[in-house]
**Q** 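Mind having a look at this structure? Questions to follow.
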Amino acid sequence: MNRQRNIRRELHHLPLFLQLFGICAASMLVPAVYGLVIRDHDGSRAFFYAALLGLILFTMLAVVLNGRRVPQSALGPLLALFSAFVFLPVYFAIPFVEALPTTRFINAYFEMVSALTTTGAKLFQDPGRLSDTLHLWRAQVGWMGGLLMWVAASAILAPLHLGGFEVTAQAEPGRRDTGEANRMTPIDPRKRVTRAMKALLPIYAGLTMLLWLLLLGGGDRPLTALCHAMSVMATSGISPVGGVENADIGVTGEAVMLLFMLFALSRLTFSKDTVTATQGGLRTDPEFRIGVFIVLAVPLLIFLRHFLGAYDVASMQSLSEAAYALWGAVFTVMSFLTTTGFVSEHWIDAQNWSGLNTPGLVLMGLALTGGGVATTAGGVKLLRVFALYVNGTREMERLVHPNSVSGAGAAGRRLQSNGAFIAWIFFMLFAISLAAIMLLLTLTGSNFEQALVLSVASLSTTGPLTQYAADVPIKLIELTPAAKAILCGAMVLGRLETLAIIALLTPDLWRA
């Protein structure tokens, strides 16, 4: 027993990136066992050998670093997180290439970056080209990327006031005791990561298992149900059958998935470790309320457009078609707002009903808005949108009543006094990043529309935009290696956000 405690203590003192590498090496045993069960021996061997190689390398490094004190800095955990998104996909791509020798390493690396950042952009349009083992691995990597962001938001980004927490005025996740913030002794970042992992992993895994069972009950085959369950919780949009519209789960299955997408609208849907949780919960949470409003308002506008501009279409005679069209719009809007990117099987009905054959701007706008802070969703985040909305309404009030005094209200107290200013800075940085990536992509041969869709898809971590936002689906496999490398960098930038990257480049913070 004492020996096990000593081993656990020694592993705890290893660098954070090395701990993540060890966990990822062990996780490769899952597709290795699955490949063995379904008699995909080539895929099983590829993942088993990669797992064995990774575990041996992890053990050797752990022995070398045993007993050494790891220097701590304010941004050390953030650098470990950045390194995970950049370098772990290199390791993840090794068994992918071994199991699919007909592709190049750059393609495998792109797939793994896309999965780990929960972007879900796919190079291989035909699902039949990948084995079930590889489909499971893509979904599993996306699921692990979602869990990593859940934990990192609590243990890494919140203490540094990044990832949306820079506009908040109250307690960070994981701090139940307000006196903890006043203690002089800093908490070891690895302890924060361990504490957040213990608190969030059971919730994350339990919700995924529940969704999997519900989809199984809806008639989905086990692998498809599992991949879709992991993709919904991670908002990765990865599917082994090319999308939800090809899964034959019907409206009931889509409704179940939509309910679980609510967890990407606000952290309060799955955790009450902030002071804001005591102020009415979801009823007063601005992120959740804005998200629900968008999910209801946008489909209604698309639906009503039929009566305003296309009322002479014969399909309006069918009430059932109208209901399916409305549902297809609701599910798809919710999916793209949470940056999942799944499309309802009735989305085509919604397009025909509204008269918008390719509502790409609507989908890109939803993806850019994004979900809640400290969730797996990407985009700008609803809390920043709320900060700008509150500031805008206040400025309009001052135009009418220049000497008026206004209170923040229960929801507004969540924001700093200069929260709108910080949110506006982030918007500007996001716009500059979008313009820069578009410029780089045009230099590699992409046209304007293609560069716009690719830039928005990568920065908002909504890969399925490449298939639905343009007039013609973009074939990522045909992009040049330089364009793929640019998109890999853009996906990492979109996942970590611009402020976090800037923080890594600030020498003063490294000396803190």
**Q** Begin with the C-alpha distance, continue with both residues' side-chain angles, and end with the deciding distance and a verdict on side-chain contact (heavy atoms from CB on, under 4.5 Å) for Ser455 and Leu441.
**A** CA-CA 8 Å; Ser455 301; Leu441 288 174; 3.6 Å; yes

**Q** Does CZ in Phe82 sit with more than 12 non-hydrogen atoms of other residues, nucleotides or ligands closer than 6.0 Å?
**A** no

**Q** Flag the pair Lys122 and Glu111 as a salt bridge only when some basic side-chain nitrogen lies within less than 4.0 angstrom of an acidic carboxylate oxygen.
**A** no

**Q** Salt bridge or not between Glu497 and Lys381? Use side-chain N to carboxylate O under 4.0 Å.
**A**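 So Glu497 pairs with Lys381 through a salt bridge.
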
**Q** Is it the case that over 12 heavy atoms from other parts of the model lie below 6.0 angstrom from the CZ atom of Phe421?
**A** no

**Q** Applying side chain to side chain contact (heavy atoms under 4.5 Å, CB included) between Thr235 and each of Thr462, Thr461, Thr376, report the one that passes.
**A** Thr376

**Q** Looking only at side chains, do Trp143 and Ser236 share a donor and an acceptor under 3.5 Å apart?
**A** no

**Q** Test side-chain contact (heavy atoms from CB on, under 4.5 Å) on Leu363 and Val333 and set out the steps.
**A** CA-CA 7 Å; Leu363 298 180; Val333 166; 5.9 Å; no

**Q** What about Trp150 and Tyr204, are their ring centers closer than 6.0 Å?
**A** yes

**Q** Assess whether side chain to side chain donor-acceptor pair (under 3.5 Å) is satisfied between Arg289 and Ser266, documenting all intermediate values.
**A** CA-CA 9 Å; Arg289 294 172 64 181; Ser266 172; over 6 Å; no

**Q** Answer yes or no: are there more than 12 heavy-atom neighbours, outside Met428 itself, under 6.0 Å from its atom CE?
**A**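 Yes, enclosed.
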
**Q** I'd like to know if the side chain of Thr340 reaches the main chain of Phe336, judged simply by a donor and an acceptor atom lying under 3.5 Å from each other, with no hydrogens or angles considered.
**A** no

**Q** State, without any angle test, whether Arg129 and Thr102 hold a side-chain donor-acceptor pair at a distance under 3.5 Å.
**A** yes

**Q** Are the aromatic rings of His228 and Phe342 close, with centres under 6.0 Å apart?
**A** yes

**Q** Looking only at heavy atoms, what is the nearest atom pair of Ala121 and Ser114, with distance?
**A**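 Smallest heavy-atom distance, with atoms named: N-OG, 2.6 Å.
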
**Q** Considering only NZ, NE, NH1 and NH2 on the basic side and carboxylate oxygens on the acidic side, decide whether Glu166 and Arg384 come within less than 4.0 Å.
**A** yes

**Q** Strictly by modelled atom types, are Thr103 and Asn107 linked by a side-chain donor-acceptor pair under 3.5 Å?
**A**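 Side-chain D/A pair, Thr103 to Asn107: present.
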
**Q** Is it the case that atom CZ in Phe124 sees more than 12 heavy atoms from other parts of the structure closer than 6.0 Å?
**A** yes

**Q** What is the distance from atom CG of Leu214 to atom CD1 of Ile249, rounded to the nearest 0.5 Å?
**A** 11.0 Å

**Q** For the OG1 atom of Thr339 and the CG atom of Leu459, what is their distance to the nearest 0.5 Å?
**A** 12.5 Å

**Q** Would Arg221 and Asp132 pass as an ion pair if we require N to O under 4.0 Å?
**A**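 So Arg221 pairs with Asp132 through a salt bridge.
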
**Q** Just wondering, do Leu493 and Ser433 contact through their side chains at under 4.5 Å, heavy atoms?
**A**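 SC-SC contact between Ser433 and Leu493 confirmed.
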
**Q** Report yes if some heavy atom in the side chain of Thr133 is under 4.5 Å from a heavy atom in the side chain of Phe96; otherwise report no.
**A**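 Answer no - side chains too far apart.
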
**Q** Please find out if less than 6.0 Å separates the ring center of Trp347 from that of Tyr468.
**A** no

**Q** Considering residues, nucleotides and ligands other than Tyr324, do more than 12 of their heavy atoms fall under 6.0 Å from its OH?
**A**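 Result for OH/Tyr324: open.
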
